[in-house]
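Notes for the one structure printed next.
By convention in this document, chain letters (A, B, ...) are assigned in the order of the sequence lines, proteins followed by strands, and residues within each chain are numbered from 1.
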Amino acid sequence: MLQQTQVKTVLERYYFPFLQQFPTLQALAHASLDEVLKMWEGLGYYSRARNLHKAAQMCRTELPKSAKELELLAGIGTSTAHAIASFAYGEALPILDANVKRILYRYFALKEAKPSELWSKSYELLDASNAYDFNQAMMDLGAMVCTPKNPQCPLCPLADACQGVGSPHDYPTPKPKKQKPIKTPYILVYQHGEKFALFQNHKRFLGGLWGFKQSDSKPSKSKKIGEITHHYSHFGLKCNVLLSSDAIEHKHWFSLKEIEALALSGVDKKVLALLVV
DNA sequence: AAGGCGTGGAC
DNA sequence: TGTCCAAGCCT
């Protein structure tokens, strides 16, 4: 859950409800993907949920206890494997999250660096006699002192040895930001009496989540009921929402009450809000 | 090996 | 208001 997501968000809204619903690895493994995604709804990066579900099934009974084996599980890369191994099982391995990366870039005055170089520096700094505290301290330092904006160099315990002290914003060299494309499909809400047609995504994008139909072409008979704007990580959405009573051939129709049980993306949540008003 | 992959906090 | 960015991983 914490991959690319702030601790505050996870702790306040997702961690405890998820553990209550799936108290054990077995419970998670035996749950349906729909159930897992429902508990993940709104957290984003849903491949994490799909991978976590898969990882639970790969584990069978028990979580592996070495970083080497942990890394074989779906959705667990080097940093997460090292985090689990150092925090839970006492292995002397460094992590490489956004906080640590930022510290390394500044501490070693790196304009740019490949992941392998950052890992090398990370091992170089690691206090192997206490990896738990070291890793925790690095993340805390990055979160509280060596921050992206307004870093507090005068307060930093590493200031003496840091090669980037005083000019932290020089490291790394910022990458040119390319602007996100804006897509403008129509969102089509098919209504049949009290029921609505929803579709489950079968590709990687929002995979497994349910949502209303999107189409690049406008159906002849439909009524505009609103507009939706949304910003994903790699593109924007700006679309008209159309209500249609066309008798389409479709297997999955749901009442508003039944839709509550489905996992929907942020966009489809916004569409749903238009229907409830 | 860049780019895909969500959402909301913080400013 | 827009912009940056977060306990990264996968392809």
Pick the nucleotide of DNA chain B nearest each of A:T9 and A:F235; which residue has the one closer to the 5' end?
A:F235
With heavy atoms under 4.0 Å as the rule, sort A:L206 into base, sugar-phosphate or nothing.
sugar-phosphate
Between the side-chain atoms of A:S47 and the base atoms of B:dG4, is any donor-acceptor pair under 3.5 Å?
no
Have a look at A:A83 and say if it touches a base, only the backbone sugar-phosphate, or nothing, with a 4.0 Å heavy-atom cut-off.
nothing
Answer yes or no: does a side-chain N or O of A:Y14 lie under 4.0 Å from OP1 or OP2 of B:dT7?
no
Could you state the NZ-C1' distance from A:K180 to C:dG2, rounded to the nearest angstrom?
11 Å
What is the separation between atom CG on A:L209 and atom P on B:dG6, rounded to the nearest whole Å?
8 Å
For A:Q4 and C:dG8, is the shortest distance between a side-chain N/O and OP1 or OP2 below 4.0 Å?
yes
Touch check for A:T5, heavy atoms < 4.0 angstrom, all strands: base, sugar-phosphate only, or nothing?
base
Taking only the P atom of each, what is the distance from B:dG6 to C:dT11 in whole angstrom?
14 Å
Please state whether the phosphate of C:dC4, meaning OP1 or OP2, lies under 4.0 angstrom from any side-chain nitrogen or oxygen of A:K177.
yes
Which nucleotide in the list B:dT7, C:dC9, C:dC5 gets nearest to the side chain of A:P148?
C:dC5
Students often get this wrong, so: under 4.0 angstrom with heavy atoms, is A:N99 touching a base, only sugar-phosphate, or nothing?
sugar-phosphate
Taking atom P of C:dC10 as reference, at what distance in whole Å does atom CZ of A:R48 sit?
13 Å
Gap between atoms CG and C1', on A:L73 and C:dC9 respectively (whole Å):
13 Å
In this structure, how many angstroms lie between the P atom of B:dG6 and the CD atom of A:E41, rounded?
14 Å
Does C:dC9 have its OP1 or OP2 closer than 4.0 Å to a side-chain nitrogen or oxygen of A:T80?
yes
Mapping A:G266 and A:K149 onto DNA chain B by nearest heavy atom, which one lands closer to the 5' end?
A:G266
Do side-chain atoms of A:R50 reach the backbone of A:G208 as a donor and acceptor pair under 3.5 angstrom?
no
Taking NZ, NE, NH1 and NH2 as the nitrogens, is one of them in A:K175 or A:E112 under 4.0 Å from a carboxylate oxygen of the other?
no
Using a heavy-atom cut-off of 4.0 Å across all strands, would you classify A:K178 as base, sugar-phosphate, or nothing?
sugar-phosphate
Residue-phosphate contact under 4.0 Å: A:K8 side-chain N/O, C:dA7 OP1/OP2
no
So, is A:H230 near the phosphate of B:dT7, with a side-chain N or O under 4.0 Å from OP1 or OP2?
yes
Over 60° means perpendicular and under 30° means parallel, so classify the ring planes of A:H252 and A:H250, tilted if in between.
perpendicular
Quick one: A:E12 CD to B:dG9 C1', roughly how many Å, whole number?
10 Å
With C1' as the reference atom in both, quote the distance from C:dA7 to B:dG3 in angstrom, rounded to an integer.
22 Å
Just to be sure I understand the rule, does A:I95 reach a base, reach only the sugar-phosphate, or reach nothing, if contact means heavy atoms closer than 4.0 Å?
nothing
Look at all strands and tell whether A:F205 reaches a base, only sugar-phosphate, or nothing, counting heavy atoms closer than 4.0 Å.
sugar-phosphate
Quick check for you: among B:dG8, C:dG8, B:dG6, whose closest atom lies nearest to any side-chain atom of A:D97?
C:dG8
Round to the nearest Å and state the distance from A:H231 atom NE2 to B:dT7 atom C1'.
12 Å
With distance as the sole test, does A:N135 use its side chain to make a donor-acceptor pair with the main-chain N or O of A:L93 at under 3.5 Å?
yes
Aromatic A:F199 / basic A:K213 pairing, under 6.0 angstrom, 45° off normal
yes
Select base, sugar-phosphate, or nothing to describe what A:Q136 touches, counting heavy atoms under 4.0 Å on all strands.
base
Near-ring test A:Y190/A:W253, centroid separation under 6.0 angstrom
no
Is there a side-chain contact between A:R102 and the phosphate of C:dA6, meaning an N or O under 4.0 Å from OP1 or OP2?
yes
Output field: ring centroids A:F205/A:F235 closer than 6.0 Å:
yes
A:Y45 OH - B:dC5 C1' separation (whole Å)
5 Å
